[in-house]
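One structure is given here, and the rest of the page talks about it.
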Amino acid sequence: MNTPLAFAYQGLPMRVVLGTGALGRLADEIDHAGLERIMVLCSPRQLELATMVAGLIGPRAVDIHPHARMHVPAESAAEAQRRAKEVNADGCVAVGGGSAIGLGKIVALRYGLPVIAVPTTYAGSEMTPVWGLTENGVKRTGRDPRVLPVSVLYDPALTVALPTDVSVTSGMNAIAHAVEALYAPDASPVINLMAEEGVRALAAALPDVAADGTDLDARARAQYGAWLCGACLGATTMSLHHKLCHALGGTLDLPHAPTHTVVLPHALAFNQGAAPKAVAALNRALGTPADPATYLWDLAGRLGAPRSLRELGMPESAIDRIVQVTLANPYANPREVTAEGLGRLLRTAWAGQPPTA
Ligand SMILES: NC(=O)c1ccc[n+]([C@@H]2O[C@H](COP(=O)([O-])OP(=O)(O)OC[C@H]3O[C@@H](n4cnc5c(N)ncnc54)[C@H](O)[C@@H]3O)[C@@H](O)[C@H]2O)c1
Ligand SMILES: O=C(O)CCC(=O)CC(=O)O
């Protein structure tokens with residue numbers, strides 16, 4: 001017997017401009033947000049891009065802070081907060097990937113400054129009220145509507161410099177958001193539509209992006225997918241896949257998007273038997289007959305992405321610790337997670353073997 005339809009849905013505010021030339025709307029978006037003293041945030045390698053963006057903002061750009069780091073270490077958050085106070089900023093423009101946007105979110109959380117996001121990866125942080133902070137080797141995440149960017153400008157021209165390997169793994173990170181949204185305890189028909197379309201758009205765009213990183217249409221389609229997948233993450237509860245990646249990132253400092261890329265097929269294979277509707281949606285999105293986990297594993301291989309935790313630098317001896325850290329906080333998952341099952345999943349992912357249930 002089918003379960004009767006029942007759900008709760010809380011829409012989040014979204015103000016999005018997508019398309020080549022979207023960055024030209026930045027001054028309008030700053031006007032719309034009523035900001036006068038902007039701190040521009042970026043990772044060290046995006047300083048040139050951030051300087052160009054500050055030039056577009058003009059005298060309202062009072063500082064460029066190029067110190068964003070992955071997983072937002074507590075000391076880097078404290079330094080950005082101190083600097084925002086020093087320059088008397090009333091808002092931030094975060095330019096770059098999830099690291100820059102994540103830093104903006106912590107400044108928003110602690111100091112109340114609205115964030116305008118100009119994402120240049122597909123991580124999707126710009127569409128979520130989720131913040132993350134890493135302290136003493138432990139990554140904490142939380143939700144707060146104040147950290148959701150007030151405007152998001154997706155300009156594909158800003159992503160042509162994103163290397164192929166980062167583009168592919170970042171796209172897989174986004175797909176992971178949609179996959180987990182499809183079996184989240186708080187999924188809804190609206191989110192399911194966005195998740196299916198997000199996976200469809202990204203899985204089709206990534207091979208084109210990998211073939212030609214200057215293909216603006218492919219870049220725009222990838223950003224469209226990233227937007228939808230990020231919105232799915234923002235609207236639902238994360239399950240095994242994300243919790244496992246947080247344990248690997250926070251405890252072992254593994255790189256975020258490559259870790260998602262390696263773990264996703266294995267976490268999905270683990271859950272597939274308990275999530276038939278999610279599998280059906282993924283099969284429609286990917287055009288696969290039955291097994292989206294294997295499809296994603298093959299896709300990662302075809303696009304030259306890493307497929308083992310070993311090649312990301314994880315020592316095999318750390319598997320038991322990651323099992324413990326992952327199991328320490330209970331979370332929703334369609335299938336019960338045991339130490340034995342998680343250990344098996346991690347050993348397969350560590351060795352780079354194909355995913356199995
Ligand atoms: N809170 C959320 O909802 C959420 C969602 C996804 C990711 N995240 C967080 O975001 C971080 C990961 O984000 P990410 O994968 O985007 O990493 P990132 O921001 O560190 O960027 C990855 C790499 O891409 C480079 N890069 C970015 N834009 C570029 C461009 N235009 N040209 C050339 N190189 C460019 C960066 O310098 C970096 O080396 C993690 O800390 C993760 O936890 C948070
Ligand atoms: O794991 C993800 O890709 C999304 C959640 C996340 O990274 C939270 C954060 O650290 O900001």
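First listed ligand is number 1; within each ligand, the first listed atom is number 1.
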Measure the distance from atom 1 (N) of ligand 1 to every protein heavy atom, then report the residue, atom name and distance (to 0.1 Å) of the closest one. Val130 O, 2.8 Å

Side-chain touch Lys105/Thr128, heavy atoms, less than 4.5 angstrom: yes

Quick one: look up the protein heavy atom nearest atom 18 (P) of ligand 1 and list residue, atom name and how far away it is. Ser99 OG, 3.3 Å

Atoms of ligand 2 less than 4.0 Å from Asn173 heavy atoms? 3 (O)

Presence of salt bridge, Arg221 and Asp217, under 4.0 angstrom: yes

Between Arg310 and Glu316 (side chain of the first, backbone of the second, donor and acceptor by atom type, cut-off under 3.5 Å), is there such a pair? no

Return the closest protein heavy atom for atom 43 (O) of ligand 1 as residue, atom name and distance. Lys139 NZ, 2.6 Å

Could you check atom 4 (C) of ligand 2 against the protein and tell me its nearest heavy-atom contact, residue, atom and distance included? Leu233 CD2, 3.6 Å

Could you tell me whether the side chain of Arg321 reaches within less than 4.5 Å of the side chain of Leu252, counting heavy atoms only? yes

Could you work out, for atom 13 (O) of ligand 1, the closest of Ala100, Gly98, Ser170 by heavy-atom distance? Gly98

Worked verdict on Val160 versus Leu216 for side chain to side chain contact (heavy atoms under 4.5 Å, CB included): CA-CA 8 Å; Val160 295; Leu216 286 178; 3.8 Å; yes

Min over Thr159, Val118, Leu158 of heavy-atom distance to atom 31 (N) of ligand 1 lands on Leu158

Between His242 and His260, does a side chain to side chain contact (heavy atoms under 4.5 Å, CB included) hold up when you go through it step by step? CA-CA 8 Å; His242 283 81; His260 273 266; 3.6 Å; yes

Can you name the nearest heavy-atom pair linking Val107 to Ala84, along with the distance? CG1-CB, 4.2 Å

Hey, is Lys105 touching ligand 1 through its side chain, its backbone, both or neither, going by heavy atoms under 4.0 Å? side chain

Atom 15 (O) of ligand 1 sits nearest the protein heavy atom Ala257 CB, 4.0 Å

Hey, does His71 sit under 4.0 Å from ligand 2 if you only count heavy atoms? no

A student checking ligand 2 against His260 at a 4.0 Å heavy-atom cut-off should list atoms 1 (O), 2 (C), 3 (O)

d(Thr259 OG1, Met314 CE) to nearest 0.5 Å is 9.5 Å

Between ligand 2 and His256, can you find any atom pair, the residue atom being a heavy atom, that is separated by under 4.0 Å? yes

Glu196 (side chain) donor-acceptor with Arg284 (main chain) under 3.5 angstrom: no

Identify which of Met70, Arg69, Gln46 has a heavy atom lying nearest to atom 17 (O) of ligand 1. Met70

Which atoms of ligand 1 are found less than 4.0 Å from any heavy atom of His71? 40 (C), 41 (O), 43 (O)

Atoms in ligand 1 flagged as close to Ala161, the criterion being non-hydrogen separation under 4.0 Å: 32 (N), 33 (C)

Go through ligand 1 atom by atom and flag the ones less than 4.0 Å from a non-hydrogen atom of Leu233. 3 (O), 5 (C)

Specify the protein heavy atom at minimum distance from atom 7 (C) of ligand 1: its residue, its atom name, and the distance to 0.1 Å. His256 NE2, 3.5 Å

Validation: residues 328-344 side-chain donor-acceptor distances under 3.5 Å, sequence neighbours left out:
from: Asn333; atom 1: OD1; to: Leu240; atom 2: N; distance (Å): 3.2
from: Asn333; atom 1: OD1; to: Asn271; atom 2: ND2; distance (Å): 3.1
from: Asn333; atom 1: ND2; to: Asn271; atom 2: OD1; distance (Å): 2.8
from: Asn333; atom 1: ND2; to: Arg335; atom 2: O; distance (Å): 2.8
from: Arg335; atom 1: NH1; to: Phe270; atom 2: O; distance (Å): 2.9
from: Arg335; atom 1: NH1; to: Ala357; atom 2: O; distance (Å): 3.2
from: Thr338; atom 1: OG1; to: Gly341; atom 2: N; distance (Å): 3.0
from: Glu340; atom 1: OE2; to: Arg344; atom 2: NH1; distance (Å): 3.4

Residue pair Ala305 / Thr169: nearest heavy atoms and the distance that separates them: CB-CG2, 4.4 Å

Where the side chain of Arg37 meets the backbone of Val87, is there a donor-acceptor pair that is under 3.5 Å apart? yes

What atoms in ligand 1 come closer than 4.0 Å to a heavy atom of Thr128? 1 (N), 2 (C), 3 (O)

closest protein heavy atom to atom 23 (C) of ligand 1 is Val166 CG1, 4.0 Å

Which of the atoms in ligand 2, numbered in the order shown and given with their element, are less than 4.0 Å from a heavy-atom of His242? 1 (O), 2 (C), 3 (O), 4 (C)

Is it the case that ligand 2 has an N or O less than 3.5 angstrom from some N or O of Thr141? no

For atom 11 (O) of ligand 2, closest protein heavy-atom neighbour: Gly132 N, 3.4 Å

As an exercise, identify every atom of ligand 1 less than 4.0 angstrom from a heavy atom of Gly97. 16 (O), 19 (O)

How does the hydrophobic cluster around Tyr9 look, that is, which other residues are in it when side-chain heavy atoms under 4.5 Å mark a link? Leu5, Phe7, Met14, Val16, Leu18, Met127, Val152, Tyr154, Val190, Ile191, Met194, Tyr224, Trp227, Leu228

Indicate whether any N or O donor in one side chain lies under 3.5 Å from an N or O acceptor in the other, for Asn283 and Thr288. yes

Where Leu41 and Gly104 come nearest, the two heavy atoms and their spacing: CD1-CA, 3.3 Å

If you measure from atom 39 (O) of ligand 1 to every heavy atom of Glu126, Arg143, Arg45, Glu48, which option wins on shortest distance? Arg45

re atom 6 (C) of ligand 2, the protein heavy-atom contact at minimum distance is His246 NE2, 3.3 Å

List every atom of ligand 2 that sits less than 4.0 Å from any heavy atom of Val130, numbering the atoms from 1 in the order shown and giving each element. 8 (C)

Within the distance-only criterion (no hydrogens, no angle test), does the side chain of Lys85 pair as donor or acceptor with the backbone N or O of Tyr111 below 3.5 angstrom? no

Can any side-chain N or O of Thr348 pair as donor or acceptor with the backbone N or O of Gln353 at less than 3.5 Å? no

Under 4.0 Å to a heavy atom of His177 - the qualifying atoms of ligand 2, by number: 2 (C), 3 (O), 4 (C)

Name the closest protein heavy atom to atom 28 (N) of ligand 1, giving the residue it belongs to and the distance to 0.1 Å. Thr120 OG1, 2.6 Å

Which residue supplies the protein heavy atom nearest to atom 6 (C) of ligand 1, what is that atom called, and how far is it? Ala123 O, 3.2 Å

